[in-house]
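What you are looking at is a predicted structure, and each value in this text was computed from that prediction instead of being measured.
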Protein chains: 2
Amino acid sequence: MGRVLDFVDVDIQPLDALAPRERILKTASDLFYRFSINSVGIDRIIAESGVAKMTFYKHFPSKADLIATYLRYKSAVWFQMLSTSTERAGLSPLERVLAVFDALEQPLLAPSFRGCPFAKGMAEFGPEANSPDVEAAIAAYFTRLHDFVASLIEPLSLSKPERVVMQILSLFQGSLVIAQSTRDLAIIEANRDAARVLLENGIASSS
Amino acid sequence: MGRVLDFVDVDIQPLDALAPRERILKTASDLFYRFSINSVGIDRIIAESGVAKMTFYKHFPSKADLIATYLRYKSAVWFQMLSTSTERAGLSPLERVLAVFDALEQPLLAPSFRGCPFAKGMAEFGPEANSPDVEAAIAAYFTRLHDFVASLIEPLSLSKPERVVMQILSLFQGSLVIAQSTRDLAIIEANRDAARVLLENGIASSS
DNA sequence: GCAAATACATACAGGTCTGTCTATAGCCCT
DNA sequence: AGGGCTATAGACAGACCTGTATGTATTTGC
């Protein structure tokens, strides 16, 4: 049942066949990501998900609650994609690291691509926003992403793995920002190659 | 008179000694960047800049107008910093490219650091926001940044300069995202070194 | 010193936001 | 068949938003 975790907007199952809670979450996810979180009101989410207001507030006690759930949902989607790419059969340890950039292809190709949902979340819900749940969801994503890349790099036995992890993470997040402003898919290949050079450089200097 | 272009929050001149327009712009700049654009209302900007509402609307016909001006102002600030770093005396062409990462030190050290103002702007004012002036200001920044890095790289006569420009830009923007979530200054050094490796690799393969 | 431009203070209109309340309709389970 | 759970529909309160209108004070130029 990985259907819910698809990145692509198109769904096999029509929206109104889903349970109300999933309908709300999916509608909110689309709207929050396409527009921004603060510019999408509860009323619109309710209208477009075809749900009554009380039903909404039964499933999500507050908008902040929905936002945090949306971010955890998006996190699951992204790690699903990352896993799919990095766990392909026949990849060498080094290629598995580079595969995180392959995972960007599908999102970047989607016309609904609007950058990294978590960077966008940070932009709207910084430290002064007083939304601890939202902040926590964002921080959890970045921590998990860091650990994910670190675990991919670990088998390479680099001399300064933490440094390379930060470099890969920067290339990854940077791809998402730059791609958003230029819409040039070449960024993926360029940064995968950059990562390869950095990794091989780290391996060489660690020998 | 580069005072207005200082990144640091502290100002030598007190705020209420400035002309109303500058007071408004400076207050708005602080608030928009610390919080987010959509979550700061006109009333707050007016209150904190000690200005009457009509005065505000005389200088800025609409909030969108103020936002676009804010972004152009921030752009000037950032390029001021980039110029300062890259035009230091005694830098080799390669070191001048790497100096763009030095420019990040000052912003990252500031407690008010909240990431890249333009990525934040994109997060709130995407294509569906219908704010052409704001969009244009953001696009102008990224175009100018691209051209800036390209002009720094040009003297190195790399075989694929455009590719390396994208890599450097990704490392630069990635630094801002990652630094925002980890607050680790080591990111700068790591990515400057990454850039060095990529540049030297490009020089080697172009020979 | 006086006139004109500029800025201040504040009330207001019309809209949107989140969240609550009331009342009604459908559905499952026994 | 009927009780209880769940969803729908829509009005409503109170706060906030942008932008306008109406006066009064202050500064500036000559």
Chemist: Applying side-chain contact (heavy atoms from CB on, under 4.5 Å), can you list everything that pairs with B/Asp147, at least two apart in sequence or on another chain?
Modeler: B/Thr143

Chemist: Looking at B/Thr86 and B/Leu82, would you say the former's side chain and the latter's main chain have a donor-acceptor pair under 3.5 Å?
Modeler: yes

Chemist: For the side chain of A/Arg23 and the backbone of A/Gly50, is there at least one donor-acceptor N/O pair under 3.5 Å apart?
Modeler: yes

Chemist: According to side-chain contact (heavy atoms from CB on, under 4.5 Å), who are the partners of B/Arg196, at least two apart in sequence or on a separate chain?
Modeler: B/Leu94, B/Leu98, B/Asp193, B/Glu200

Chemist: Test: salt bridge (charged side-chain N to carboxylate O under 4.0 Å, His left out). Region: residues 166-178 of chain A. Which pairs qualify, not counting sequence neighbours?
Modeler: none

Chemist: For a quick test of your reading: what N or O donor-acceptor pairs under 3.5 Å do the side chains of residues 116-128 of chain B make, sequence neighbours left out?
Modeler:
unit_1	atom_1	unit_2	atom_2	d
B/Lys120	NZ	B/Tyr33	O	2.7
B/Lys120	NZ	B/Phe35	O	3.2
B/Glu124	OE1	B/Ile37	N	2.8
B/Glu124	OE2	B/Ser36	OG	3.4
B/Glu124	OE2	B/Asn38	N	3.0
B/Glu124	OE2	B/Asn38	ND2	3.4
B/Glu128	OE1	A/Arg114	NH2	3.3
B/Glu128	OE2	A/Arg114	NE	2.9
B/Glu128	OE2	A/Arg114	NH2	2.3

Chemist: Heavy atoms only: give me the nearest A/Leu145-A/Phe79 pair and the separation to one decimal.
Modeler: N-CZ, 3.4 Å

Chemist: Kindly give the atom pairs (protein nitrogen or oxygen, nucleotide nitrogen or oxygen) under 3.5 Å for nucleotides 28-30 of chain D.
Modeler:
none

Chemist: To the nearest angstrom, how far is A/Ile46 atom CD1 from D/dT8 atom C1'?
Modeler: 11 Å

Chemist: To the nearest 0.5 angstrom, please state how far the OH atom of A/Tyr73 sits from the CG atom of A/Leu66.
Modeler: 12.0 Å

Chemist: Is there a residue in residues 50-65 of chain A whose heavy atoms reach under 4.0 Å of DNA chain C, and which residues are they?
Modeler: A/Lys53, A/Met54, A/Tyr57, A/Ser62, A/Lys63

Chemist: Which residues within residues 121-133 of chain B lie with some heavy atom under 4.0 Å of an atom in DNA chain C?
Modeler: none

Chemist: Could you list all the salt bridge (charged side-chain N to carboxylate O under 4.0 Å, His left out) pairs where at least one residue sits in residues 130-145 of chain A, not counting sequence neighbours?
Modeler: none

Chemist: Where is the tightest heavy-atom contact between A/Phe60 and A/Arg21, given as atom of each residue plus distance?
Modeler: CE2-NH2, 3.6 Å

Chemist: Taking A/Ser49 for the side chain and A/Ile45 for the main chain, is one N or O donor matched with an acceptor at less than 3.5 Å?
Modeler: yes

Chemist: Check whether any side-chain N or O of A/Arg23 sits under 4.0 Å from OP1 or OP2 of D/dT8, and answer yes or no.
Modeler: yes

Chemist: So where does chain A start and stop touching DNA chain C, 5' to 3', when the test is distance under 4.0 Å to a non-hydrogen atom?
Modeler: C/dT18 to C/dT22

Chemist: Just by distance, do the side chain of A/Thr69 and the backbone of A/Asp65 share a donor-acceptor pair under 3.5 Å?
Modeler: yes

Chemist: Measure the angle between the two terminal helix axes of the helix from C/dG1-D/dC30 to C/dT30-D/dA1, five base pairs each, and quote it to 10°.
Modeler: 20°

Chemist: Can you name the side-chain contact (heavy atoms from CB on, under 4.5 Å) partners of A/Ser151, sequence neighbours left out?
Modeler: none

Chemist: What pairs with A/Leu91 under side-chain contact (heavy atoms from CB on, under 4.5 Å), at least two apart in sequence or on another chain?
Modeler: A/Arg88, A/Glu95, A/Arg96, A/Ala99

Chemist: Hey, could you give me the CG/CZ distance between A/Leu158 and A/Arg163, rounded to the nearest 0.5 Å?
Modeler: 12.0 Å

Chemist: Nearest-Å distance, CD1 (A/Ile42) to C1' (D/dG10)?
Modeler: 17 Å

